[in-house]
S.K.: 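Just dropping this structure here.
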Protein chains: 2
Amino acid sequence: MSVDRVDTSYLETLVGYNARRAALTIIEMFLQRMAVFQLRSVDFSVMSLIVHNPGITSRQLCTSLGIRPPNLVGMVSSLEQRGLILRQRHAKDGRAMSLYTNEAGAALMQEAEKVALELETDQTRQLTPTERKTLMRLLQKIYL
Amino acid sequence: MSVDRVDTSYLETLVGYNARRAALTIIEMFLQRMAVFQLRSVDFSVMSLIVHNPGITSRQLCTSLGIRPPNLVGMVSSLEQRGLILRQRHAKDGRAMSLYTNEAGAALMQEAEKVALELETDQTRQLTPTERKTLMRLLQKIYL
DNA sequence: TATTGTTATACTCTATAACTATA
DNA sequence: TATAGTTATAGAGTATAACAATA
């Protein structure tokens, strides 16, 4: 026999279950709205870190975002080929690559971050501004 | 040039970024602690829904957890082969499969849910009980 | 010796198309 | 004609090992 109504109340008492469901919901919306810019959430994160940290190295990107170096290579190459970023040998460490946005990349991110701001208000429409701040703070207490 | 210290303050203002980081941190801990039971988080969710909803169908599992039917087949088969669950033809709908835990599965989940409870307190050690409840409520406002 | 970036590659996760049996 | 479960398979995401260049 099937059940009339699936009882998910137990799972809903688990932080991990709730965090994952919320994250997936948000990231799906993000993907749709960022499709105009051809940016997945990870691409947005990479671009955003480069914009706000000019000269950041690949290694620094990896450790900041929890990406393995081999998996970053393709993303960075793609962003470079699209004419959004520049890769330069690090001035003092010949092994490292320093990353910068060029004009096109900076302009794209300026637009993308506008959309990201709109998304924030849309995604947290059910929350008051105070609740939204509280949510951030509590989530950071878990992973920071 | 690399940067002295990577500035992630912008990303930390985004709900999606925080929710994803928190979810990944929690799920990683979950995976480690549930290794004794050989349960990934998705296996735990499936088993838990079967325990709390005896007779739930595969389709109901899929819609409840956001899993595509083809991807559930292998998980259910595996759980069945491990002697944790039973699959029976639905009494009134010959197309559907009703799922039940057997004694071994129920016993395993009783232990697993104990560990899950311990994990909850560990993962939210930085939060007061009130903050923990608040976090749940706010996350659910986003995805429900 | 250790580290950065890279290639090659494997493994996992997720998605689609098409089939069967039942409704 | 539509739905539940299944198979086969493709694609995306993530992981490890090994290498060249540099520290």
Side-chain angles (χ1 to χ4, degrees), chain A residues 1-3 6 20-21 23-25 27-28 30-32 34-35 38-46 50 55-81 85-100, chain B residues 1-3 6 20-21 23-25 27-28 30-32 34-35 38-46 49-50 53 55-81 85-100:
Chain A
M1 292 285 287
S2 63
V3 291
V6 178
R20 181 159 191 274
R21 293 297 297 250
L24 288 179
T25 302
I27 288 170
E28 191 186 345
F30 194 93
L31 198 59
Q32 291 172 2
M34 289 293 169
Q38 295 194 59
L39 293 176
R40 300 166 301 163
S41 57
V42 62
D43 301 315
F44 178 89
S45 298
V46 167
I50 299 177
I56 189 173
T57 66
S58 297
R59 180 58 48 137
Q60 287 178 312
L61 268 179
C62 284
T63 53
S64 299
L65 295 173
I67 302 172
R68 309 279 163 137
N71 298 331
L72 182 71
V73 176
M75 304 182 206
V76 167
S77 305
S78 169
L79 293 172
E80 188 186 29
Q81 283 190 318
I85 63 170
L86 299 173
R87 298 187 332 150
Q88 292 180 9
R89 273 286 159 210
H90 189 281
K92 300 191 178 154
D93 186 339
R95 298 168 301 180
M97 301 295 289
S98 296
L99 305 175
Y100 303 88
Chain B
M1 291 285 287
S2 65
V3 292
V6 177
R20 180 157 192 276
R21 293 298 297 250
L24 288 179
T25 301
I27 288 171
E28 191 186 346
F30 194 94
L31 198 59
Q32 291 173 1
M34 290 293 170
Q38 294 194 56
L39 294 175
R40 298 166 302 164
S41 58
V42 61
D43 301 315
F44 178 89
S45 297
V46 167
L49 281 187
I50 299 176
N53 300 271
I56 190 173
T57 66
S58 296
R59 181 58 49 134
Q60 287 178 312
L61 270 179
C62 285
T63 53
S64 298
L65 294 174
I67 302 172
R68 310 278 162 137
N71 299 329
L72 182 71
V73 177
M75 305 180 203
V76 167
S77 306
S78 169
L79 294 172
E80 189 187 28
Q81 283 190 319
I85 63 169
L86 300 173
R87 299 187 330 150
Q88 292 179 7
R89 274 285 158 210
H90 190 280
K92 299 191 179 154
D93 186 339
R95 297 168 303 181
M97 301 295 289
S98 294
L99 305 175
Y100 303 88

S.K.: Considering just the side-chain nitrogens and oxygens of S58(A), establish if one lies under 4.0 Å of OP1 or OP2 belonging to dT4(C).
M.R.: no
S.K.: In whole Å, what is the span from the CG atom of D43(A) to the C1' atom of dA12(D)?
M.R.: 13 Å
S.K.: To the nearest Å, how far apart are M75(B) CE and dA15(C) C1'?
M.R.: 12 Å
S.K.: What is the distance, to the nearest angstrom, from the CG atom on L61(A) to the C1' atom on dT4(C)?
M.R.: 13 Å
S.K.: Expressed as a whole number of angstroms, how long is the span from N71(A):CG to dT9(C):P?
M.R.: 16 Å
S.K.: Can you find a side chain N or O atom of R40(B) that sits less than 4.0 Å from OP1 or OP2 on dC13(C)?
M.R.: yes
S.K.: By nearest heavy atom, map A96(A) and P70(A) onto DNA chain C; which one lands nearer the 5' end?
M.R.: A96(A)
S.K.: May I have the distance from I67(A) (atom CD1) to dT4(C) (atom P), rounded to whole angstrom?
M.R.: 16 Å
S.K.: Between atom CZ in R20(A) and atom P in dC13(C), what is the gap in whole Å?
M.R.: 10 Å
S.K.: Among the nucleotides dG5(C), dG13(D), dC13(C), which one has an atom lying closest to any side-chain atom of T57(A)?
M.R.: dG5(C)
S.K.: Tell me: CZ of R95(B) to C1' of dT20(C), nearest whole Å?
M.R.: 12 Å
S.K.: Does R20(B) use its side chain to pair, donor to acceptor, with the backbone of A23(A) at less than 3.5 Å?
M.R.: no
S.K.: Which nucleotide wins on minimum distance to the side chain of V73(B), given the candidates dT6(D), dT6(C), dA15(D)?
M.R.: dT6(D)
S.K.: Please check if the side chain of S64(B) supplies one atom and the backbone of Q60(B) the other of a donor-acceptor pair under 3.5 Å.
M.R.: yes
S.K.: Which nucleotide wins on minimum distance to the side chain of R87(B), given the candidates dT7(C), dT6(D), dA23(C)?
M.R.: dT6(D)
S.K.: Answer yes or no: does a side-chain N or O of R59(A) lie under 4.0 Å from OP1 or OP2 of dT3(C)?
M.R.: no
S.K.: Hey, does E80(B) have a side-chain heavy atom less than 4.5 Å from the side chain of L86(B)?
M.R.: no
S.K.: Can a donor-acceptor pair be found, under 3.5 Å and without considering hydrogens, that links the side chain of N71(A) to the backbone of I67(A)?
M.R.: no
S.K.: Tell me the interatomic distance from L72(B), atom CG, to dT7(D), atom C1', rounded to whole angstroms.
M.R.: 14 Å
S.K.: Okay, side chain of H90(B), backbone of S2(A): is any donor-acceptor separation there less than 3.5 Å?
M.R.: yes
S.K.: Within less than 4.0 Å of OP1 or OP2 of dA15(C), is there a side-chain N or O belonging to R68(B)?
M.R.: yes
